[in-house]
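Residue numbers start from 1 in every chain, and the chains themselves are labelled A, B, ... in the order their sequence lines are given, proteins ahead of strands.
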There are 2 protein chains.
Amino acid sequence: MDIVEQIDKINRQLTVNGYKLTPQREITLKVLLENERDHLSAEDVFMLVRQKFPEIGLATVYRTLELLAELNIVQKMNFGDGVARFDLRQEGHDHMHHHLVCRLRLEKEKIQDDWLLELEQRVANEYGFKVTDHRLDFMGVYQTCKNDSKTCKRTGKAVS
Amino acid sequence: MDIVEQIDKINRQLTVNGYKLTPQREITLKVLLENERDHLSAEDVFMLVRQKFPEIGLATVYRTLELLAELNIVQKMNFGDGVARFDLRQEGHDHMHHHLVCRLRLEKEKIQDDWLLELEQRVANEYGFKVTDHRLDFMGVYQTCKNDSKTCKRTGKAVS
DNA sequence: TTTCGTGCAAAGGTTTTGCACCGCA
DNA sequence: TGCGGTGCAAAACCTTTGCACGAAA
(Lines give C-alpha, C1' and ligand atoms only; values in the text may rest on other atoms or scores of the structure.)
Protein backbone atom coordinates (compact mmCIF):
# COMPACT_ATOMS: atom_id res chain seq x y z
CA MET A 1 0.00 0.00 0.00
CA ASP A 2 1.57 3.30 -1.05
CA ILE A 3 1.31 6.60 0.72
CA VAL A 4 -1.63 7.87 -1.33
CA GLU A 5 -3.64 4.76 -0.54
CA GLN A 6 -2.77 4.96 3.13
CA ILE A 7 -3.81 8.59 3.34
CA ASP A 8 -6.99 7.70 1.53
CA LYS A 9 -7.74 5.03 4.06
CA ILE A 10 -7.03 7.35 6.96
CA ASN A 11 -9.19 9.99 5.32
CA ARG A 12 -12.08 7.55 5.47
CA GLN A 13 -11.39 6.89 9.14
CA LEU A 14 -11.50 10.62 9.79
CA THR A 15 -14.70 11.12 7.82
CA VAL A 16 -16.46 8.26 9.58
CA ASN A 17 -15.67 9.94 12.87
CA GLY A 18 -16.81 13.37 11.73
CA TYR A 19 -13.42 14.92 11.04
CA LYS A 20 -12.00 16.43 7.89
CA LEU A 21 -8.70 15.83 6.17
CA THR A 22 -7.41 19.39 6.07
CA PRO A 23 -4.18 20.27 4.26
CA GLN A 24 -2.46 20.59 7.64
CA ARG A 25 -3.59 17.13 8.68
CA GLU A 26 -2.66 15.61 5.34
CA ILE A 27 0.88 16.98 5.46
CA THR A 28 1.28 15.86 9.05
CA LEU A 29 0.24 12.38 7.98
CA LYS A 30 2.68 12.44 5.07
CA VAL A 31 5.49 13.33 7.44
CA LEU A 32 4.53 10.47 9.73
CA LEU A 33 4.33 8.06 6.81
CA GLU A 34 7.69 9.17 5.47
CA ASN A 35 9.29 8.66 8.87
CA GLU A 36 7.59 5.46 9.92
CA ARG A 37 10.75 4.03 11.37
CA ASP A 38 11.50 6.91 13.68
CA HIS A 39 9.77 7.95 16.85
CA LEU A 40 9.11 11.59 16.15
CA SER A 41 8.33 14.08 18.87
CA ALA A 42 5.68 16.74 18.30
CA GLU A 43 8.48 19.22 17.77
CA ASP A 44 10.12 16.92 15.20
CA VAL A 45 6.86 16.61 13.33
CA PHE A 46 6.31 20.35 13.52
CA MET A 47 9.68 21.14 11.99
CA LEU A 48 9.27 18.60 9.21
CA VAL A 49 5.75 19.77 8.42
CA ARG A 50 6.84 23.38 8.36
CA GLN A 51 9.25 22.60 5.54
CA LYS A 52 6.26 21.79 3.37
CA PHE A 53 3.71 24.12 4.95
CA PRO A 54 5.43 27.07 6.67
CA GLU A 55 2.24 28.70 7.94
CA ILE A 56 1.34 25.81 10.22
CA GLY A 57 1.26 26.41 13.96
CA LEU A 58 2.68 24.15 16.63
CA ALA A 59 -0.70 23.91 18.32
CA THR A 60 -2.20 22.47 15.16
CA VAL A 61 0.43 19.75 15.10
CA TYR A 62 -0.31 18.90 18.72
CA ARG A 63 -4.04 18.85 18.04
CA THR A 64 -3.58 16.69 14.96
CA LEU A 65 -1.37 14.20 16.78
CA GLU A 66 -3.80 14.05 19.66
CA LEU A 67 -6.67 13.43 17.25
CA LEU A 68 -4.77 10.70 15.43
CA ALA A 69 -3.84 9.06 18.70
CA GLU A 70 -7.46 9.11 19.80
CA LEU A 71 -8.50 7.42 16.58
CA ASN A 72 -5.73 4.90 17.06
CA ILE A 73 -4.01 5.93 13.86
CA VAL A 74 -0.83 6.87 15.65
CA GLN A 75 0.53 5.57 18.91
CA LYS A 76 1.69 7.99 21.53
CA MET A 77 4.75 6.81 23.41
CA ASN A 78 7.04 7.85 26.18
CA PHE A 79 10.67 6.92 26.53
CA GLY A 80 11.25 8.99 29.62
CA ASP A 81 13.14 11.77 27.89
CA GLY A 82 10.51 14.36 28.63
CA VAL A 83 8.71 14.41 25.30
CA ALA A 84 5.91 12.34 23.85
CA ARG A 85 6.75 10.46 20.67
CA PHE A 86 4.45 9.34 17.93
CA ASP A 87 4.44 6.33 15.63
CA LEU A 88 2.12 5.46 12.79
CA ARG A 89 0.48 2.16 13.60
CA GLN A 90 1.56 -0.25 10.93
CA GLU A 91 -0.54 -2.78 9.05
CA GLY A 92 -0.42 -6.17 10.67
CA HIS A 93 1.19 -4.77 13.79
CA ASP A 94 -1.82 -2.98 15.13
CA HIS A 95 -0.71 -2.68 18.68
CA MET A 96 2.63 -4.35 19.06
CA HIS A 97 5.51 -2.16 20.02
CA HIS A 98 8.65 -3.54 21.53
CA HIS A 99 11.79 -1.55 21.81
CA LEU A 100 15.40 -2.01 22.69
CA VAL A 101 16.61 1.11 24.46
CA CYS A 102 20.38 1.25 24.58
CA ARG A 103 22.08 3.26 27.29
CA LEU A 104 24.92 4.11 24.96
CA ARG A 105 23.11 4.87 21.76
CA LEU A 106 20.30 7.37 21.95
CA GLU A 107 18.15 5.62 19.39
CA LYS A 108 15.76 2.78 20.01
CA GLU A 109 15.30 -0.30 17.89
CA LYS A 110 11.95 -1.85 17.28
CA ILE A 111 11.35 -5.54 17.57
CA GLN A 112 8.54 -6.53 15.30
CA ASP A 113 8.10 -10.11 16.42
CA ASP A 114 4.90 -10.74 18.24
CA TRP A 115 6.47 -12.45 21.19
CA LEU A 116 3.78 -11.49 23.58
CA LEU A 117 0.53 -12.96 22.36
CA GLU A 118 0.83 -15.85 24.76
CA LEU A 119 1.48 -13.49 27.64
CA GLU A 120 -1.62 -11.48 26.78
CA GLN A 121 -3.65 -14.63 26.88
CA ARG A 122 -2.25 -15.44 30.28
CA VAL A 123 -3.06 -12.00 31.64
CA ALA A 124 -6.57 -12.29 30.31
CA ASN A 125 -7.07 -15.64 32.01
CA GLU A 126 -5.40 -15.00 35.33
CA TYR A 127 -6.32 -11.37 35.95
CA GLY A 128 -9.60 -11.00 34.08
CA PHE A 129 -7.94 -8.22 32.15
CA LYS A 130 -8.76 -7.65 28.50
CA VAL A 131 -5.61 -6.40 26.81
CA THR A 132 -6.11 -3.84 24.07
CA ASP A 133 -2.51 -2.77 23.78
CA HIS A 134 0.85 -3.39 25.28
CA ARG A 135 4.27 -1.95 25.41
CA LEU A 136 7.53 -3.69 26.08
CA ASP A 137 10.85 -1.95 26.42
CA PHE A 138 14.14 -3.59 27.15
CA MET A 139 16.75 -1.29 28.60
CA GLY A 140 20.35 -2.31 28.23
CA VAL A 141 23.40 -2.10 26.07
CA TYR A 142 24.33 -3.46 22.68
CA GLN A 143 27.43 -5.55 22.83
CA THR A 144 28.88 -3.54 19.96
CA CYS A 145 28.27 -0.25 21.79
CA LYS A 146 29.87 -1.59 24.91
CA ASN A 147 33.00 -2.50 23.00
CA ASP A 148 33.14 0.91 21.34
CA SER A 149 33.08 2.99 24.46
CA LYS A 150 33.12 2.89 28.19
CA THR A 151 31.46 6.26 28.51
CA CYS A 152 27.78 6.99 28.17
CA LYS A 153 27.10 9.44 25.38
CA ARG A 154 24.17 10.94 27.17
CA THR A 155 25.46 11.63 30.66
CA GLY A 156 29.18 11.47 29.97
CA LYS A 157 29.56 9.09 32.88
CA ALA A 158 31.24 5.74 32.85
CA VAL A 159 28.93 2.77 32.52
CA SER A 160 29.40 -0.64 34.01
CA MET B 1 14.21 -6.75 56.07
CA ASP B 2 12.63 -3.87 57.96
CA ILE B 3 12.75 -0.22 57.04
CA VAL B 4 15.73 0.60 59.26
CA GLU B 5 17.79 -2.13 57.68
CA GLN B 6 16.78 -1.08 54.19
CA ILE B 7 17.72 2.52 54.85
CA ASP B 8 20.98 1.33 56.30
CA LYS B 9 21.71 -0.62 53.17
CA ILE B 10 20.87 2.33 50.95
CA ASN B 11 23.01 4.55 53.14
CA ARG B 12 25.93 2.31 52.31
CA GLN B 13 25.14 2.55 48.61
CA LEU B 14 25.14 6.32 48.91
CA THR B 15 28.40 6.41 50.85
CA VAL B 16 30.16 4.15 48.38
CA ASN B 17 29.21 6.55 45.64
CA GLY B 18 30.31 9.61 47.56
CA TYR B 19 26.91 10.86 48.68
CA LYS B 20 25.58 11.52 52.16
CA LEU B 21 22.35 10.41 53.75
CA THR B 22 20.98 13.78 54.77
CA PRO B 23 17.79 14.08 56.83
CA GLN B 24 15.94 15.15 53.69
CA ARG B 25 17.13 12.10 51.80
CA GLU B 26 16.36 9.79 54.67
CA ILE B 27 12.80 11.02 54.99
CA THR B 28 12.28 10.81 51.25
CA LEU B 29 13.45 7.20 51.40
CA LYS B 30 11.11 6.48 54.30
CA VAL B 31 8.19 7.83 52.31
CA LEU B 32 9.14 5.65 49.37
CA LEU B 33 9.49 2.61 51.59
CA GLU B 34 6.15 3.24 53.27
CA ASN B 35 4.44 3.54 49.89
CA GLU B 36 6.19 0.75 48.03
CA ARG B 37 3.03 -0.39 46.36
CA ASP B 38 2.09 2.96 44.85
CA HIS B 39 3.67 4.81 41.98
CA LEU B 40 4.29 8.19 43.54
CA SER B 41 4.93 11.29 41.50
CA ALA B 42 7.52 13.81 42.63
CA GLU B 43 4.68 16.00 43.85
CA ASP B 44 3.20 13.08 45.81
CA VAL B 45 6.54 12.42 47.45
CA PHE B 46 6.98 16.11 48.17
CA MET B 47 3.66 16.39 49.95
CA LEU B 48 4.24 13.26 52.01
CA VAL B 49 7.75 14.29 52.95
CA ARG B 50 6.59 17.74 53.95
CA GLN B 51 4.29 16.24 56.57
CA LYS B 52 7.39 15.00 58.37
CA PHE B 53 9.81 17.72 57.33
CA PRO B 54 7.97 20.94 56.46
CA GLU B 55 11.07 22.93 55.54
CA ILE B 56 11.97 20.74 52.60
CA GLY B 57 11.89 22.24 49.11
CA LEU B 58 10.42 20.66 46.01
CA ALA B 59 13.74 20.96 44.22
CA THR B 60 15.39 18.84 46.88
CA VAL B 61 12.84 16.11 46.34
CA TYR B 62 13.46 16.21 42.60
CA ARG B 63 17.19 16.10 43.14
CA THR B 64 16.91 13.24 45.59
CA LEU B 65 14.70 11.21 43.29
CA GLU B 66 17.03 11.84 40.39
CA LEU B 67 19.98 10.74 42.50
CA LEU B 68 18.23 7.59 43.65
CA ALA B 69 17.21 6.77 40.11
CA GLU B 70 20.78 7.20 38.94
CA LEU B 71 21.99 4.80 41.62
CA ASN B 72 19.26 2.37 40.61
CA ILE B 73 17.64 2.54 44.02
CA VAL B 74 14.37 3.79 42.61
CA GLN B 75 12.91 3.26 39.18
CA LYS B 76 11.61 6.23 37.25
CA MET B 77 8.52 5.45 35.23
CA ASN B 78 6.14 7.07 32.85
CA PHE B 79 2.54 6.15 32.35
CA GLY B 80 1.81 8.90 29.86
CA ASP B 81 -0.10 11.12 32.27
CA GLY B 82 2.46 13.88 32.16
CA VAL B 83 4.35 13.15 35.36
CA ALA B 84 7.24 10.87 36.18
CA ARG B 85 6.54 8.27 38.83
CA PHE B 86 8.95 6.57 41.15
CA ASP B 87 9.12 3.11 42.66
CA LEU B 88 11.56 1.65 45.12
CA ARG B 89 13.22 -1.34 43.54
CA GLN B 90 12.23 -4.31 45.62
CA GLU B 91 14.42 -7.15 46.84
CA GLY B 92 14.21 -10.12 44.55
CA HIS B 93 12.54 -8.07 41.88
CA ASP B 94 15.50 -5.97 41.05
CA HIS B 95 14.42 -4.85 37.67
CA MET B 96 11.08 -6.44 36.91
CA HIS B 97 8.18 -4.13 36.47
CA HIS B 98 5.05 -5.20 34.70
CA HIS B 99 1.87 -3.26 34.92
CA LEU B 100 -1.74 -3.58 33.98
CA VAL B 101 -3.01 -0.15 33.03
CA CYS B 102 -6.79 -0.06 32.98
CA ARG B 103 -8.57 2.52 30.87
CA LEU B 104 -11.38 2.70 33.39
CA ARG B 105 -9.53 2.69 36.67
CA LEU B 106 -6.79 5.20 37.12
CA GLU B 107 -4.56 2.91 39.12
CA LYS B 108 -2.17 0.36 37.79
CA GLU B 109 -1.61 -3.12 39.07
CA LYS B 110 1.77 -4.70 39.25
CA ILE B 111 2.41 -8.19 38.05
CA GLN B 112 5.25 -9.66 40.02
CA ASP B 113 5.73 -12.86 38.06
CA ASP B 114 8.92 -12.95 36.13
CA TRP B 115 7.36 -13.91 32.86
CA LEU B 116 10.05 -12.34 30.81
CA LEU B 117 13.31 -13.98 31.64
CA GLU B 118 13.09 -16.20 28.60
CA LEU B 119 12.39 -13.21 26.39
CA GLU B 120 15.43 -11.42 27.75
CA GLN B 121 17.53 -14.42 26.89
CA ARG B 122 16.15 -14.37 23.38
CA VAL B 123 16.89 -10.70 22.92
CA ALA B 124 20.42 -11.23 24.17
CA ASN B 125 20.99 -14.04 21.72
CA GLU B 126 19.32 -12.65 18.64
CA TYR B 127 20.16 -8.96 18.93
CA GLY B 128 23.43 -9.00 20.86
CA PHE B 129 21.69 -6.81 23.41
CA LYS B 130 22.50 -7.14 27.10
CA VAL B 131 19.32 -6.41 28.99
CA THR B 132 19.76 -4.59 32.28
CA ASP B 133 16.13 -3.68 32.80
CA HIS B 134 12.79 -3.98 31.16
CA ARG B 135 9.34 -2.60 31.34
CA LEU B 136 6.13 -4.21 30.27
CA ASP B 137 2.77 -2.51 30.36
CA PHE B 138 -0.49 -4.00 29.28
CA MET B 139 -3.15 -1.47 28.42
CA GLY B 140 -6.72 -2.65 28.57
CA VAL B 141 -9.77 -3.04 30.75
CA TYR B 142 -10.60 -5.20 33.71
CA GLN B 143 -13.68 -7.26 33.05
CA THR B 144 -15.10 -6.04 36.35
CA CYS B 145 -14.59 -2.40 35.39
CA LYS B 146 -16.22 -2.98 32.05
CA ASN B 147 -19.30 -4.36 33.73
CA ASP B 148 -19.47 -1.47 36.18
CA SER B 149 -19.46 1.32 33.69
CA LYS B 150 -19.52 2.18 30.04
CA THR B 151 -17.89 5.52 30.60
CA CYS B 152 -14.24 6.19 31.07
CA LYS B 153 -13.56 7.88 34.40
CA ARG B 154 -10.65 9.79 33.03
CA THR B 155 -11.99 11.33 29.84
CA GLY B 156 -15.70 10.95 30.47
CA LYS B 157 -16.03 9.37 27.06
CA ALA B 158 -17.74 6.14 26.24
CA VAL B 159 -15.43 3.19 25.77
CA SER B 160 -15.95 0.22 23.54
C1' DT C 1 -25.29 31.03 9.39
C1' DT C 2 -23.37 27.53 11.78
C1' DT C 3 -19.64 24.59 12.48
C1' DC C 4 -15.07 23.02 12.41
C1' DG C 5 -10.31 23.94 12.09
C1' DT C 6 -6.58 27.15 12.39
C1' DG C 7 -2.68 30.46 14.03
C1' DC C 8 -1.14 33.08 17.57
C1' DA C 9 -0.29 34.16 22.10
C1' DA C 10 -0.97 33.20 26.69
C1' DA C 11 -1.45 30.06 30.25
C1' DG C 12 -0.64 25.68 32.56
C1' DG C 13 2.00 22.17 34.65
C1' DT C 14 6.24 19.67 35.48
C1' DT C 15 11.04 19.74 36.01
C1' DT C 16 15.54 22.04 36.08
C1' DT C 17 18.75 25.63 37.25
C1' DG C 18 21.07 29.76 39.46
C1' DC C 19 22.37 31.48 43.58
C1' DA C 20 23.18 32.52 48.25
C1' DC C 21 23.58 30.16 52.40
C1' DC C 22 24.55 26.56 55.73
C1' DG C 23 26.85 22.63 58.08
C1' DC C 24 30.55 19.77 58.34
C1' DA C 25 35.27 17.96 57.38
C1' DT D 1 38.44 27.13 53.77
C1' DG D 2 36.28 23.92 50.66
C1' DC D 3 32.58 21.28 49.35
C1' DG D 4 28.32 18.98 49.11
C1' DG D 5 23.62 19.79 50.00
C1' DT D 6 19.68 22.85 50.60
C1' DG D 7 15.65 26.31 49.95
C1' DC D 8 13.84 29.67 47.27
C1' DA D 9 12.72 31.79 43.14
C1' DA D 10 13.24 32.08 38.45
C1' DA D 11 13.74 29.83 34.30
C1' DA D 12 13.08 26.31 30.95
C1' DC D 13 10.44 23.17 28.90
C1' DC D 14 6.54 20.69 26.81
C1' DT D 15 1.77 20.87 26.15
C1' DT D 16 -2.87 22.80 26.40
C1' DT D 17 -6.18 26.45 26.03
C1' DG D 18 -8.63 30.92 24.81
C1' DC D 19 -9.81 33.62 21.22
C1' DA D 20 -10.62 35.74 16.90
C1' DC D 21 -10.56 34.65 12.24
C1' DG D 22 -11.35 32.00 8.02
C1' DA D 23 -13.16 28.35 5.05
C1' DA D 24 -16.59 25.13 3.93
C1' DA D 25 -21.26 22.98 4.30
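C/dT6 atom P lies 12 Å from atom CD of A/E26, rounded to whole Å. The CD-P distance, from A/E55 to C/dA9, rounds to 15 Å in whole Å. Nucleotide C/dC8 holds its P atom 10 Å from the CD1 atom of A/I56, rounded to whole Å. Across the protein-nucleic acid pair, B/L67 atom CG and D/dG4 atom C1' stand 12 Å apart, rounded to whole Å. In this entry the distance linking CD of A/E43 with P of D/dA12 reads 16 Å, nearest Å. With rounding to whole Å, A/K20 atom NZ is found 10 Å from C/dT2 atom C1'. What separates CG of B/L58 from P of D/dT6 is a distance of 13 Å, to the nearest Å. Taking atom CD of B/E70 as the reference point, atom P of D/dG5 lies 12 Å away to the nearest angstrom.
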Return the polar atom pairs (N/O with N/O) between nucleotides 19-21 of chain D and the protein under 3.5 Å, or none.
none

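Nearest heavy-atom pair, A/L88 versus A/E36, reported as atom, atom and distance to 0.1 Å: CB-CG, 4.2 Å. A/R85 and A/S41 get closest at one heavy-atom pair: NH1-N, 3.7 Å. Scanning both residues, A/F46 and A/I56, for their nearest heavy atoms gives CE1-O, 3.6 Å.
Distances shown here put every side-chain N or O of A/T22 at or beyond 4.0 Å from the OP1 or OP2 atom of C/dC4. An OP1 or OP2 oxygen of C/dT6 is reached within less than 4.0 angstrom by no side-chain nitrogen or oxygen of A/T60. In this model, the phosphate group of C/dT16 is not approached by any side-chain N or O of B/Y62 to a distance below 4.0 Å at OP1 or OP2.
Side chain of A/R25 to main chain of A/T64: no donor-acceptor pair is present (N/O by atom type, distance under 3.5 Å, no hydrogens or angles).
Note that the CG atom of A/L32 and the CD1 atom of A/I73 stand 10.5 Å from one another [nearest 0.5 Å]. With rounding to the nearest 0.5 angstrom, the CD1 atom of A/I27 is 10.0 Å from the CG atom of A/L21.
Nearest-nucleotide positions on DNA chain C for B/V83 and B/A59 put B/V83 closer to the 5' end.
Nucleic acid contact class of B/F53 (heavy atoms, under 4.0 Å, all strands): sugar-phosphate only.
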(request) Could you go through the side chain to side chain contact (heavy atoms under 4.5 Å, CB included) check for A/T60 and A/T28 one step at a time? (result) CA-CA 10 Å; A/T60 301; A/T28 303; over 6 Å; no

